[in-house]
Amino acid sequence: KIKACLFDLDGVIVDTAVYHFQAWRRLANELGFDFTEHQNEQLKGISRMESLELILNWGNVSLTEAEKVEWATRKNDWYLDLVKLMTPNEVLPGVAKFLTDLREAGIKIALGSASKNSKLILERINMLDYFDAIIDGNNITKGKPDPQVFLMGAEATNALPSECVVFEDAVAGVQAAKAGGMKAIGVGSADVLTEADFVIATFEEMTLERLNF
Ligand code: G6P
Ligand code: MG
């Protein structure tokens, strides 16, 4: 029986994935190269500094540690400029209803995100109150695909891994859930999220009944 649902944030609750992509692309462009939406899939779910490393690799750019920190800060500032414009209208379709259904059924709700901006985003979209626990980039020492973020979410909601369902839009996130012994429902495309137990395109397809499979 499922006791807790653990949600990734970016690309699951809200489509900040597009803002991350815009800001990273701007960074690449200013360094003299570009990357594709296909490459961008690899950046989903992984930390800011790991993302920067991958991107610099794609562009064959080498920077000093201090320069890396500067560029990562710049990217985050551009990203936050976009986040600040967000409104509750940007919560993805079906999410609010599904979270309300979970609450009414007594199923715990936790956030499991690599982002250090998660509280700010949840505030912007007015969703902070839905969450019984928030585990994010400020709490973890190991990023997805390591299961740490979700194991901490399970613990915070008093659920065993086998009693948790994780919702993820990232390949690394689905892998993290599976590595933690949890069920994983992909949000997005089944062609990309091949390791998920099943994939929904949006939460409009999701019901409480579908949690117990
Ligand atoms: C999420 C996103 C990643 C992002 C990471 C860190 O996992 O999917 O694209 O790099 O969070 O986000 P932050 O807001 O801390 O830069
Ligand atoms: Mg995500």
Side-chain angles (χ1 to χ4, degrees), residues 5-28 35-58 68-86 90-92 95 110-125 127 131 134-150 152-153 165-180 182 184-189 192-193 195-196 199-203:
C5 285
L6 315 181
F7 293 85
D8 174 49
L9 175 65
D10 298 297
V12 170
I13 306 279
V14 277
D15 200 5
T16 41
V18 298
Y19 302 141
H20 278 296
F21 183 44
Q22 272 184 51
W24 281 129
R25 241 187 123 187
R26 178 165 173 192
L27 175 143
F35 65 91
T36 65
E37 210 163 338
H38 180 72
Q39 284 172 298
N40 187 56
E41 284 301 321
Q42 290 183 55
L43 304 180
K44 292 185 179 176
I46 69 168
S47 74
R48 197 179 306 165
M49 292 313 282
E50 284 177 301
S51 302
L52 179 66
E53 294 291 347
L54 276 180
I55 294 167
L56 293 176
N57 233 336
W58 295 337
K68 283 179 192 170
V69 171
E70 274 171 36
W71 280 103
T73 304
R74 234 168 258 158
K75 180 269 173 178
N76 196 52
D77 290 343
W78 296 329
Y79 174 66
L80 288 180
D81 284 343
L82 298 167
V83 165
K84 280 174 202 146
L85 300 174
M86 288 179 78
E90 286 178 62
V91 175
L92 289 170
V95 170
L111 192 82
S113 168
S115 175
K116 293 188 170 168
N117 297 306
S118 72
K119 286 204 178 126
L120 193 85
I121 294 166
L122 289 176
E123 246 164 53
R124 290 289 328 157
I125 58 172
M127 292 205 98
F131 291 86
I134 292 177
I135 315 294
D136 72 6
N138 300 297
N139 310 109
I140 58 175
T141 53
K142 287 174 271 182
K144 301 168 188 177
D146 188 282
Q148 186 188 39
V149 67
F150 294 131
M152 287 174 78
V165 172
V166 169
F167 291 90
E168 259 294 350
D169 72 316
V171 173
V174 169
Q175 289 168 342
K178 290 279 126 195
M182 298 171 187
I185 300 179
V187 182
S189 147
V192 176
L193 303 170
E195 294 168 64
V199 177
I200 54 174
T202 80
F203 276 92

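Order of appearance sets the numbers: ligands from 1, and atoms from 1 within every ligand.
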Are any protein N/O atoms closer than 3.5 Å to the N/O atoms of ligand 1? If there are, list each pair with names and the distance to one decimal place.
from: ligand 1; atom 1: 8 (O); to: Gly45; atom 2: N; distance (Å): 2.8
from: ligand 1; atom 1: 9 (O); to: Leu43; atom 2: O; distance (Å): 3.3
from: ligand 1; atom 1: 10 (O); to: Ile46; atom 2: O; distance (Å): 2.8
from: ligand 1; atom 1: 11 (O); to: Asp10; atom 2: OD2; distance (Å): 3.4
from: ligand 1; atom 1: 11 (O); to: Ser115; atom 2: N; distance (Å): 3.4
from: ligand 1; atom 1: 14 (O); to: Ser115; atom 2: OG; distance (Å): 2.7
from: ligand 1; atom 1: 14 (O); to: Asn117; atom 2: ND2; distance (Å): 2.7
from: ligand 1; atom 1: 15 (O); to: Arg48; atom 2: NH2; distance (Å): 3.1
from: ligand 1; atom 1: 15 (O); to: Lys116; atom 2: N; distance (Å): 2.7
from: ligand 1; atom 1: 16 (O); to: Arg48; atom 2: NE; distance (Å): 2.8
from: ligand 1; atom 1: 16 (O); to: Arg48; atom 2: NH2; distance (Å): 3.4

Worksheet item: Does any non-hydrogen side-chain atom of Tyr19 lie less than 4.5 Å from one of Ile121?
Response: no

Item to complete: Take the angle between the ring planes of Tyr79 and His20 and call it parallel below 30°, perpendicular above 60°, tilted in between.
Response: parallel

Worksheet entry | Validation row: Leu52, Arg48 side chains within 4.5 angstrom (heavy atoms) | no

Discussion item. To the closest 0.5 Å, what do you measure between CG (Leu6) and OG (Ser113)?
Written reply: 12.5 Å

Practice prompt. Give, rounded to 10 degrees, the angle between OD2 (Asp8) and OD1 (Asp169) as seen from the Mg ion (ligand 2).
Written response: 90°

Worksheet item: For Lys144, which of Glu168, Glu50, Gln175 qualifies under side chain to side chain donor-acceptor pair (under 3.5 Å)?
Response: Glu168

Discussion item. Heavy-atom count check: over 12 atoms from other residues, nucleotides or ligands less than 6.0 Å from Lys119 NZ?
Written reply: no

Worksheet item: Any side-chain heavy atom of Val95 within less than 4.5 Å of one from Phe7?
Response: no

Worksheet entry | Of all N/O/S atoms in Asp10, the name of the one nearest the Mg ion (ligand 2) | O

